[in-house]
Amino acid sequence: MIPETTTTLFIRCDKCYSYTQKEAVRIRGYDCDCLSLTTGGGICGYSAVSCSAFLHCRLNNTCSNANSVCVNTTRCVQPICYPLALADTGVCPALPASTIITTITPTATTTGKYTTFTTISSTRATSTITKTITTVRTITGKYTTFTTISSTSTASTPMMATTFQKQALTQTNYDRALQCAPVLTLNATLNSIAQNYATFLATNEIFQHSGNTLNGEALGENLWALWSSGIINPNTLNGSSPCNSWYNEISSYNWTNPGFSSATGHFTQLVWQGTKIMGIGIALTSNQQQAYVVANYYPAGNIINSGYFGANVKKPPC
């Protein structure tokens, strides 16, 4: 099978968080590591997935499943077919000081007994040199030939919050104002942590909490999912939708006996007085029939100690 063409933004290995750096900055949400491409070079990819979850590469280091590349990892004995979605910059962000983002587009063409596999990579940066590398691998019988062509240019691309994230923040602060809670701000680190886990949920098609932490402290987390019998157009998804769903739990909240309930936990985290920052991410499954949203909050809400709910979940008048 010839892989379909896909384009994924990813981080170079030398801009990837190492395990030492993860400990230094005390960010447990970055479960990314350097993955060596069998065609040369490497990418920063999500590594907190069992090797058994991936298909093995063919003997000629190609993949039968679409939108995957053959990589070597230190954890897996054999080369594996790695889904490009797990190496997206939303899943594995670069080191804070780095600016390099690369685009990889794997394609394959077959003419008779000759198969040419081409990986086209282009790098964009926020304020540095952009380098384009095209690697062509031609396989003829038992012989393999590699050809690399490079070019450079200059680019400037700012990193900004997505429309979905901004919509979610606006709706969150509107809902919080109704409950006398101060406004939240979007945090880039929390956005990355939330996006990491949203992509993980979509890739594995599961719905469960992450246990993510920041600075050694547990994060608050709200989850939301959408299932459809048809294709979901990501451009039609609005960041206010999951927030509205979470806030609507207010109808079940017991104001006379404030406390935690699984029926109202999303609402109480959403409007928790002590929370200051948030991040949110969204990802679709490969068939685009499921969407997963993860929102993370810091400091976390829903603290069950005596008096916390009464002090942090307010009822108007303010």
Next on the checklist: State whether cysteine residues Cys57 and Cys63 meet the disulfide criterion of an SG-SG distance below 2.5 Å.
Outcome noted: no
Are the side chains of [X] and [Y] in touch, meaning some heavy atoms are under 4.5 Å apart?
X      : Y      : value
Val69  : Leu37  : yes
Thr213 : Leu219 : no
Val294 : Glu221 : yes
Tyr298 : Asn215 : yes
Lys276 : Pro299 : yes
Ile80  : Leu55  : no
Val313 : Pro258 : no
Phe267 : Ser251 : no

Next on the checklist: Between Asn287 and Gln289, does the side chain to side chain donor-acceptor pair (under 3.5 Å) criterion hold? Intermediate values first, please.
Outcome noted: CA-CA 6 Å; Asn287 63 7; Gln289 292 184 321; 3.2 Å; yes
Checklist outcome for this item: Exactly one candidate in Asn296, Thr264, Thr275 meets side-chain hydrogen bond (donor to acceptor under 3.5 Å, both in side chains) with Gln269; the answer is Thr275
Which atoms form the tightest heavy-atom contact between [X] and [Y], and what is the distance?
X      : Y      : value
Ala300 : Ala218 : CB-O, 3.5 Å
Gln179 : Val271 : CG-CG1, 3.7 Å
Phe164 : Leu237 : CD1-O, 3.8 Å
Gln165 : Thr162 : OE1-N, 2.9 Å
Leu284 : Pro234 : CD2-CD, 4.3 Å

Is a donor on one side and an acceptor on the other found under 3.5 Å between the side chain of [X] and the backbone of [Y]?
X      : Y      : value
Glu249 : His266 : yes
Arg176 : Pro182 : yes
Asn254 : Asn257 : yes
Asn187 : Met278 : no
Trp246 : Gly265 : no

Next on the checklist: Run the side-chain contact (heavy atoms from CB on, under 4.5 Å) test on Ile303 and Asn312 for me, step by step, so that the C-alpha distance in whole Å, both residues' side-chain angles and the decisive distance to 0.1 Å come before the verdict.
Outcome noted: CA-CA 9 Å; Ile303 300 172; Asn312 284 278; over 6 Å; no
Item to check | Chi angles and distances behind the side-chain contact (heavy atoms from CB on, under 4.5 Å) call for Tyr292, Thr285 | outcome: CA-CA 8 Å; Tyr292 292 82; Thr285 53; 3.8 Å; yes
Checklist entry - Is there a side-chain contact (heavy atoms from CB on, under 4.5 Å) between Gln273 and Cys180 once you walk through the steps? => result CA-CA 8 Å; Gln273 293 272 327; Cys180 316; 4.2 Å; yes
Checklist outcome for this item: Residues at least two apart in sequence or cross-chain that pass ring pair (Phe, Tyr, Trp, His ring centres under 6.0 Å) with Phe309, listed by chain then number, are Trp272
Checklist entry - Could you go step by step and tell me if Asn191 and Gln195 meet the side chain to side chain donor-acceptor pair (under 3.5 Å) rule? => result CA-CA 6 Å; Asn191 279 339; Gln195 185 60 54; over 6 Å; no
Item to check | Over 12 foreign heavy atoms within 6.0 Å of CD1, Ile231 | outcome: yes
Checklist entry - Going through the checks in order, is the side-chain contact (heavy atoms from CB on, under 4.5 Å) test met by Tyr297 and Leu270? => result CA-CA 8 Å; Tyr297 306 89; Leu270 187 73; 3.8 Å; yes
Checklist entry - Between Tyr197 and Phe200, what is the ring plane arrangement, given parallel below 30°, perpendicular above 60°, and tilted in between? => result parallel
